[in-house]
Participant: 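Have a look at this one before I ask anything.
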Amino acid sequence: MTLNRLFFAYGEKPILFNASLDLPKTGVVCLIGDSGSGKTTLLRILCGLETPQAGELTDLPSRPAVVFQEDRLLPWKTALENVALVLGDTPDAKTRAKQALASVGLSDEEQARLPKALSGGQCRRVALARALALPDADALLLDEPFAGLDDDLVDTAAALLREAAKDKLVLVITHDTDDQKRLNATLLRLRNGVVE
Amino acid sequence: MKDFTKKIAVGVGVAAFWLAVWEILSLCVSAELLLPSPFKVAATWWALAKTAAFWAAAGTSLLRVVCGFAAGALVGTPLAFATHKCAPLRTLVAPLLHIVRAAPVASFIILALVWIKTAWLPPFISFLMVLPLVWANVEQGLAETDPKLLEMAAVYRLPKRVVRRQIRLPSLAPYLLSACKTGLGFAWKSGIAAEVICRPAGSVGNALYRAKLLLETPEVFAWTGTVVVLSVVLEKLLVLAADRLQTRHPQKEVAK
């Protein structure tokens, strides 16, 4: 995936200036930057939600699995249904969703709860499980995926992401430099709209 | 069960209180022509209820109101989808619907009397009253569907039918049900008003008009009570539908 001299602005406010980036097909990449540096905007561009005003994008993921800054769970669906929803009508959707949720430490009873009956950390795990469960994803794009998770759960999630990175790109957007060590990731820094 | 019994007891208590107030007032006024007692109204209602004409009139008016309401909901909902999708269409349609909503019902009834057959006027007026209400509520519901959920659906490439069934409809349900509940009340009020003015044969409105003409005040009360009961029954059916929806989507606060 290559981004070449991207420029993006929200109205009059420029967010990215000449941002260039070369991302591998597999492995973990951590994109670090301060608040307002353009990390989330970059992720939105990568998953096709924003179009840059200038620059070139090549080899964008055709089937990204995304964890947004917010969990974005359907409040009227249980944790299990939220994950199964993105897996479509496949016969093993429910099994796969259950496995993904179990892998992030959610019990059967917790999987049957609505998001409002889960803690913030549990909702985060559901969002993470939803991304991990997508079988044909060619990239995992994650915006602060460990927010609200306890340390032991962060280690579990990091192990899952390292495993996933064996056959796809895992791009983690974070402001915590410890995440790079946990994930054994390549580090990129975004400062004032420029990738360094 | 205990809550249900308590609710029933409270309901009966409140009804008994207002019936007592009514009885006391009628005793004070002491003129059946101005304010008949609840016993007299009940006796009149019972006498009416024993005739086939009563049930035929109630049934016909009910059918007219339900038809007008259903037509308003069935046209208003897709129209809201269309105007939500197409801004120019919204610009074109919105002022018209706002005028319909703001104009007095009587004006429409008098105007429509010139255009439409008497029997069709009440459902047409009910339709006109329900249409802008359903349209406005459904449009608001569509506008307030969480865009973040729609983005999630886009990123995960959820098919359109899944987005419609799993995101749009559950988001819309409270608005639609609230519109239907209010619209049903409007449909009754406007439909019966139209019947009173155009007086189609064998209708509640016609019976009300005749009772008023003959100064049969207890009959006016009895017919009005019939309309209220029918309206409450229909509203309860809607609430049942809302309950079913809420069972399917438990976190959604469906307006009751």
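These numbers come from a predicted model, not from an experiment. In what follows, chains carry the letters A, B, and so on, assigned in the order in which the sequence lines appear, proteins first and then strands, with residues in each chain numbered from 1.
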Participant: For A:R5, look at atom CZ and say whether over 12 heavy atoms of other residues, nucleotides or ligands are found less than 6.0 Å away.
Facilitator: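 12 or below, so no.
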Participant: With a 4.5 angstrom heavy-atom cut-off, is it the side chain or the backbone of B:V155 that approaches chain A, or both, or neither?
Facilitator: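 For B:V155, the contact with chain A is made by backbone and side chain together.
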Participant: Return the minimal non-hydrogen interatomic distance between B:R157 and A:P61, and the atom names on each side.
Facilitator: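 Looks like NH2-O, 4.3 Å.
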Participant: What I'd like to find out is whether the side chain of B:M152 reaches to under 4.5 Å of the side chain of A:L74, using heavy atoms alone.
Facilitator: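 Yes - at least one pair of side-chain heavy atoms lies under 4.5 Å apart.
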Participant: Taking 4.5 Å as the heavy-atom cut-off, does anything in residues 77-108 of chain B contact chain A, and if so which residues?
Facilitator: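 Near chain A, by residue number: none.
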Participant: Would you say CG of A:D155 has more than 12 non-hydrogen atoms from neighbouring residues, nucleotides or ligands within 6.0 angstrom?
Facilitator: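 Yes - once you tally the heavy atoms of other residues, nucleotides and ligands closer than 6.0 Å, there are more than 12.
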Participant: Is it the backbone or the side chain of A:S62 that comes under 4.5 Å from a heavy atom of chain B, or both, or neither?
Facilitator: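 For A:S62, the backbone is the part near chain B, not the side chain.
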Participant: Of the non-hydrogen atoms in A:D89 and B:R161, which two are nearest, and what is the gap between them?
Facilitator: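 Heavy atoms only, the tightest pair is OD2-NH2, 2.9 Å.
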Participant: Would you call B:Q166 and A:E81 a side-chain contact if the rule is heavy atoms closer than 4.5 Å?
Facilitator: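 No; the side chains remain at least 4.5 Å from each other.
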Participant: Just by modelled atom types, is the A:V66 backbone N or O under 3.5 Å from a matching donor or acceptor in the B:Y156 side chain?
Facilitator: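 Such a contact is found between B:Y156 side chain and A:V66 backbone.
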Participant: Please indicate whether A:F146 has more than 12 foreign heavy atoms, meaning atoms of other residues, nucleotides or ligands, lying under 6.0 Å from its CZ.
Facilitator: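 Enclosed.
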Participant: Take atom CH2 in B:W22; do more than 12 heavy atoms of anything else shown fall under 6.0 Å from it?
Facilitator: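 Yes, enclosed.
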Participant: Where does A:A131 contact chain B at under 4.5 Å (heavy atoms): side chain, backbone, both or neither?
Facilitator: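 A:A131 touches chain B through backbone and side-chain heavy atoms alike.
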Participant: Please indicate whether A:D34 has more than 12 foreign heavy atoms, meaning atoms of other residues, nucleotides or ligands, lying under 6.0 Å from its CG.
Facilitator: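 No - once you tally the heavy atoms of other residues, nucleotides and ligands closer than 6.0 Å, there are 12 at most.
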Participant: Which bit of A:R130 is near chain B, if near means a heavy-atom gap under 4.5 Å: side chain, backbone, both or neither?
Facilitator: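 Answer is both: backbone and side chain atoms of A:R130 are under 4.5 Å from chain B.
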Participant: Pick one of side chain, backbone, both or neither for A:L134, based on which atoms fall under 4.5 Å of a heavy atom in chain B.
Facilitator: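 Contact with chain B: side chain only.
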